[in-house]
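Index from 1, following the sequence. All heavy atoms count here, side chains included; hydrogens, waters and symmetry mates do not.
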Amino acid sequence: MARLEKLFSHLENIKEQYFLKNRIAEENRQRENEAAVKIQRRFRGCQVRAYLRHLHKNATLIQKIWRGFTARELFRQRVNTAYFIMKMNFYNKMAVKIQQRWRGYYVRKYVHNYYARKRYLEGVAKKNDLIRRDLEEFAELQKRERERIALEKEEQEKNIQAQRLHFLLSTKQCPGVFNSPFRAEPDEMELRLRRVKPRSAPKERKTPKMTPDLSNLMPNRERLPPIHKKPQGPFRPALEVQQQRLRPLEPSLRVATSITALEEAREELKRQEWRTRVIDQTFLPFSNASQNKRYESLIHTITPFEQVAYGTKHFREEPKECCQGKKPFKTVFTTCHVFDKFGRLYSNAGNIV
């Protein structure tokens, strides 16, 4: 009894120790669990990364082999293409050379005479030399003529200037401007002044009056207006009126064109089409839509000898044999079949009575 009483007295302490040990055990278990998870995570990560490295290595190897194969195949194809292009260029170049040699031989032998052309070119060269020599001589003559005219013009201007300055001529008493006493010889202008004559003032010429004075003869007559070169008012010169009257006819497009021009052009077009025909056999269609139908020729293409003229009495006629199996032409066509039974009686079931 005492022992049991002692146990009951230590019951709270035992519970606390029990709960404490359970909490410590739970904490240890949780720590161990986290450590195990971390170890598994590290191991599995290493395992997966090693597997991925293996896969990447194998994929890289496969890609390397495949890309090398495709690159070599593409390179072979490009080499073949380049070789084919080079070969075709060589063949074309050789063909051009062959054509060049053959055409040169053919032209020299059959088209142009080499020696005659050579003689012609030599003659042209000689003619060109002669013409060039004549042109050079003509140019030299023109140059000399221009120089002579320039010298004459200059000499004439100097003479005119000397005539204007003739008052500066030196005299026995007083030397002139151009005859300096400090010079051994007189100036050129001084010599020119001695040669020319002084310029005199122009004299007015008296011209006789040719028009008679009629004022004394007819004092009572009115003076007419002056005659202008261009007539005043609505009048025109007689020459212009005559040209207007005798000018050629300038018809418009409608007047210049014939009335039957359109019909004549159509007839000419028909004649040209008939003249350029290659075959006179009629065309038989071969499509599946008309294989069970008999081909009916047109009226103006039935005869193989000549074309039937339009507007003749036989233009609208048809063979009676073609009209036997044909149905009569319907003059009225309805879009709905209801009006074909208009006025009839119907039963309840919709049937015609």
*Following the transitive rule for hydrophobic clusters with a side-chain heavy-atom cut-off under 4.5 Å over Ile, Leu, Val, Met, Phe, Trp and Tyr, establish whether Tyr105 and Tyr115 coincide in one cluster.*
no

*Distance from Leu135 atom CG to Arg132 atom CZ, nearest 0.5 Å?*
8.5 Å

*Any chance you could measure Ile65, atom CD1, to Gln63, atom CD, to the nearest 0.5 Å?*
11.0 Å

*Heavy-atom count around Arg195 CZ within 6.0 Å, excluding the residue itself: above 12?*
yes

*asked:* I want to check something: taking the side chain as every heavy atom from C-beta on, are Gln244 and Glu240 in contact at a cut-off of under 4.5 Å?
replied: no

*In terms of heavy-atom contacts, does CZ of Phe167 have more than 12 from other residues, nucleotides or ligands at under 6.0 Å?*
yes

*asked:* Count I, L, V, M, F, W, Y as connected when their side-chain heavy atoms are under 4.5 Å apart, and connections chain through other members. Are Leu246 and Val241 then in the same cluster?
replied: no

*asked:* Is there a path of hydrophobic side-chain contacts, each under 4.5 Å between heavy atoms, that joins Leu191 and Leu193?
replied: no

*asked:* Closer than 4.0 angstrom, basic N to acidic O: yes or no for Arg271 and Glu268?
replied: yes

_Set out, in order, the CA-CA distance, both residues' side-chain angles and the distance that settles side-chain contact (heavy atoms from CB on, under 4.5 Å) for Glu27 and Arg23, then state yes or no._
CA-CA 6 Å; Glu27 291 176 358; Arg23 187 172 63 251; 3.9 Å; yes

*Rounded distance [0.5 Å steps], CZ in Arg49 versus CG in Leu52*: 9.0 Å

*asked:* Check Arg76 with Glu73, please: is the shortest side-chain N to carboxylate O separation under 4.0 Å?
replied: yes

*Distance from Ile98 atom CD1 to Lys93 atom NZ, nearest 0.5 Å?*
13.0 Å

*Spell out, yes or no, whether Val111 and Trp102 are grouped together once hydrophobic residues are joined by side-chain heavy atoms under 4.5 Å, including indirect joins.*
yes

*Check whether any side-chain heavy atom of Arg192 lies under 4.5 Å from a side-chain heavy atom of Glu155, and answer yes or no.*
yes

_With a 4.5 Å cut-off on side-chain heavy atoms, are Glu136 and Glu140 touching?_
no

*Quick one: are Leu269 and Arg266 in side-chain contact, heavy atoms under 4.5 Å?*
no

*Residue pairs fulfilling salt bridge (Lys or Arg N to Asp or Glu O under 4.0 Å) with at least one residue in residues 156-166, sequence neighbours excluded*: Glu154-Lys158

*asked:* So for atom CZ, which belongs to Arg194, do other residues, nucleotides or ligands contribute more than 12 heavy atoms lying within a distance under 6.0 Å?
replied: yes

*Nearest heavy-atom pair of Leu130 and Arg133: which atoms, and what distance?*
CD2-NH1, 3.0 Å

*With no hydrogens and no angle check, do the side chains of Tyr91 and Lys87 hold a donor and an acceptor under 3.5 Å apart?*
no

*So do the side chains of Leu168 and Glu190 get within less than 4.5 Å of each other, counting heavy atoms only?*
no

*Nearest heavy-atom pair of Gly176 and Ser170: which atoms, and what distance?*
N-CB, 2.8 Å

*asked:* Let me confirm one number: the NZ-NZ distance from Lys64 to Lys57, rounded to the nearest 0.5 Å.
replied: 9.5 Å

*asked:* Can you tell whether the side chains of Glu152 and Arg148 come within less than 4.0 Å, N to carboxylate O?
replied: yes

*asked:* Would you say CD of Glu188 has more than 12 non-hydrogen atoms from neighbouring residues, nucleotides or ligands within 6.0 angstrom?
replied: no

_Lys/Arg-Asp/Glu bridge criterion (N-O < 4.0 Å) met for Asp187, Arg183_ = yes

*asked:* Using modelled atom types and a 3.5 Å cut-off, is there a donor and acceptor pairing between side-chain atoms of Asn33 and backbone atoms of Arg29?
replied: no

_More than 12 heavy atoms from other groups under 6.0 Å of CD on Gln77_ = no

*Mind checking the CZ-CG spacing from Phe178 to Leu169? Nearest 0.5 Å is all I need.*
10.5 Å

*asked:* Show the nearest heavy-atom pair for residues Lys197 and Gln163, with the distance to one decimal.
replied: O-CG, 3.5 Å

*asked:* Assigning hydrophobic clusters by single linkage (Ile, Leu, Val, Met, Phe, Trp, Tyr; side-chain heavy-atom cutoff under 4.5 Å), is Leu74 placed with Phe69?
replied: no

_For the backbone of Pro175 and the side chain of Asn179, can you confirm whether one donor and one acceptor N or O come within less than 3.5 Å of each other?_
no

*asked:* Taking the side chain as everything from C-beta on, heavy atoms only, tell me whether Asn22 gets closer than 4.5 Å to Gln17.
replied: no

*Are the side chain of Thr260 and the backbone N or O of Glu263 linked by a donor-acceptor pair below 3.5 Å?*
no

